[in-house]
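Each remark here refers to the structure printed beneath this line.
Bear in mind that the values here come from a model prediction, so they are computed numbers and not experimental data. The chains referred to below are lettered A, B, ... by the order of the sequence lines, with proteins before strands, and numbering in each begins at 1.
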Number of protein chains: 2
Amino acid sequence: MYHEVAESIIQAILKNQYEDKLPTEKELVEEYGVSRNTVRKALDVVFAHGMLRRVRGSGYYVIKKPLQSAKVLNMSIGFDENSMVSGGPLKSKVVQFDTIETNEDLAARGNLPLGTKVYRVIRLRYLEERLYSLEESYFPRDVVPYLSDESVQNSIFSFLRETYQMTGDTTENYVHVQALDERYAELVGKKEGDQALGLDAINYLANGTVFNFSRTIFVYDSFALYYHTQNIDVKK
Amino acid sequence: MYHEVAESIIQAILKNQYEDKLPTEKELVEEYGVSRNTVRKALDVVFAHGMLRRVRGSGYYVIKKPLQSAKVLNMSIGFDENSMVSGGPLKSKVVQFDTIETNEDLAARGNLPLGTKVYRVIRLRYLEERLYSLEESYFPRDVVPYLSDESVQNSIFSFLRETYQMTGDTTENYVHVQALDERYAELVGKKEGDQALGLDAINYLANGTVFNFSRTIFVYDSFALYYHTQNIDVKK
DNA sequence: ATTGATTTGTTCGTATGTATC
DNA sequence: GGATACATACGAACAAATCAA
């Protein structure tokens with residue numbers, strides 16, 4: 001239930017229904033008809049999305065900054081939600097779609113055994129007709145038995161959710177600077193050896209199995225990944 | 001109290017006291033003599049550090065991966081804790097230490113008004129005698145009235161904590177690819193125009209004021225920032 | 001394959017502490 | 001100092017997934 005409350009609060013924030021300050025916990029308790037614990041759990045979620053500042057004795061305040069630009073991708077929210085970038089959904093142009101076995105590099109990147117059979121999907125992704133990223137993603141075939149052509153053209157994650165009730169639980173993300181090889185440079189219209197922001201992600205189901213891993217190369221100039229951390233102060 | 005429990009569990013994990021699986025919540029309740037809710041809150045913290053996988057009906061499992069390498073910086077833990085990179089504390093060589101007023105660029109990067117007086121500290125940072133990063137950090141003087149020469153040589157955050165009881169609460173992080181200008185290229189021994197991984201961070205106190213912002217340029221080859229996200233599934 | 005025990009997930013109520021206003 | 005608002009902690013109950021007999 002706290003999920004629904006969290007989603008509702010997030011939507012309210014996105015619609016600018018709160019100027020700057022959220023209602024108090026007490027008011028939210030009344031509005032949603034749940035206990036204070038549940039409201040707080042929901043606010044934890046919103047907070048983790050990097051959308052709130054919480055001040056003891058005062059209240060909750062909206063952080064507006066990182067949401068405005070197509071050039072900033074908020075990584076504090078789930079991978080799935082990021083398929084909706086601000087500015088609309090991404091369109092895909094499939095470059096490659098086949099099945100291969102993991103070599104050493106892919107096995108390491110996917111935290112999988114060597115020689116695992118995986119779907120490979122390479123796509124150029126566009127935001128408002130403009131090239132946004134080059135995405136190379138893999139799905140172990142013993143976990144994902146089938147991917148339709150149609151899903152690969154659109155949202156693979158939606159397909160997995162609707163077909164297999166398969167939803168990601170946790171993601172490990174590695175951000176690095178990626179030098180483009182000849183093939184990728186040509187695909188994104190840059191020179192071989194040029195460097196871009198790269199994001200390697202491993203997606204796990206709730207039971208801990210890998211159902212997807214990917215490498216995304218962002219080609220926008222002055223593009224940034226945003227995330228929000230809380231400094232949990234452990235020391236006395 | 002859940003902070004102490006969390007810290008204790010984290011230390012136990014780092015010392016490899018659990019093979020792969022943590023004790024059950026019930027056992028932790030007995031071990032620490034606190035309620036189950038408190039144990040769960042502590043486990044939330046450890047989980048947010050990217051150190052755990054949790055499986056309903058089964059238990060908590062240790063994620064070992066991202067911790068081993070000096071080439072991976074775990075951003076899921078607080079900024080402060082990251083001053084202790086695996087491999088030991090960073091040593092600093094101060095390049096510049098003065099007071100300036102924010103220009104347009106700095107004001108934006110620090111989420112501050114134009115013309116704010118700030119301490120500026122530029123340092124080369126070394127891990128085991130090897131250049132690790134170039135860090136450019138700023139402290140608004142109306143928030144941080146004084147920084148000692150000595151603290152700038154060592155840990156500024158420790159100085160602020162001990163002198164002013166000033167501890168960071170939340171951090172906004174922006175990761176991007178940074179082209180090196182002539183000065184910085186020379187400092188880190190690369191060519192002008194070379195690109196590196198850049199991290200812009202804004203640190204807030206609990207009451208929401210900015211006490212620090214910084215830009216860190218990482219110069220290790222194949223260096224990566226790691227972070228861990230939970231895909232909170234909001235849709236039905 | 002079913003059942004029952006174990007283990008984590010969610011929700012509620014209540015009480016007390018601490019920072020802000 | 002008093003009222004307000006968020007932070008922490010305990011106890012209890014039931015749900016849902018897993019695991020083992």
**Asked** Can you check the B:Y60 OH to D:dT18 P distance for me, whole Å?
**Response** 15 Å
**Item:** Closest nucleotide among D:dA17, C:dT7, C:dT10 to the B:R56 side chain
**Value:** D:dA17
**Fill in**
Sorted by position of nearest nucleotide on DNA chain C, 5' first, the leading residue of B:L22 and A:V39 is B:L22
**Request:** Choose from D:dC6, C:dC12, D:dT18 the nucleotide whose nearest atom is closest to any side-chain atom of B:V55.
**Result:** D:dT18
**Prompt:** Can you find a side-chain donor-acceptor pair between A:N173 and A:Y227 that sits under 3.5 Å?
**Reply:** no
**Request:** Using only side-chain N and O atoms of B:T38, determine if any of them is under 4.0 Å from OP1 or OP2 of D:dT8.
**Result:** no
**Item:** Rounded distance in Å - CZ (A:R54) to C1' (D:dA5)
**Value:** 12 Å
**Request:** Send over the distance from A:K26 NZ to C:dT20 P, rounded to a whole Å.
**Result:** 21 Å
**Request:** Could you please name the option among C:dT11, D:dA9, D:dA5 that lies closest to any side-chain atom of A:M1?
**Result:** C:dT11
**Prompt:** C:dG9 phosphate, OP1 or OP2: any side-chain N/O from B:R40 under 4.0 angstrom?
**Reply:** yes
**Prompt:** In whole angstroms, how far is the C1' atom of C:dT14 from the CG atom of A:N37?
**Reply:** 10 Å
**Request:** Return no unless some side-chain N or O of B:S58 is found under 4.0 Å from OP1 or OP2 of D:dA17.
**Result:** no
**Prompt:** What is the distance from CD of B:E30 to P of C:dT6, rounded to the nearest Å?
**Reply:** 13 Å
**Message:** With no hydrogens and no angle check, just 3.5 Å: does a side-chain donor-acceptor pair link B:R141 and B:T99?
**Reply:** yes
**Prompt:** So which one's nearest nucleotide on DNA chain C is more toward 5', A:Y61 or A:S35?
**Reply:** A:S35
**Request:** Could you check how far NZ of A:K41 sits from C1' of D:dT8, rounded to whole Å?
**Result:** 15 Å
**Message:** For the residue pair B:S8 / B:Y32, report whether a side-chain donor-acceptor contact shorter than 3.5 Å exists.
**Reply:** yes
**Asked** Please give, in whole Å, the distance from C:dT7 P to B:R53 CZ?
**Response** 17 Å
**Message:** Can you confirm if the aromatic rings of A:Y119 and A:F97 lie within a centre distance of less than 6.0 Å?
**Reply:** yes
**Request:** Using atom CD of A:E27 as one end and atom C1' of D:dC6 as the other, report the distance to the nearest whole Å.
**Result:** 13 Å
**Prompt:** Ring centres of A:F223 and A:Y132 under 6.0 Å apart?
**Reply:** yes
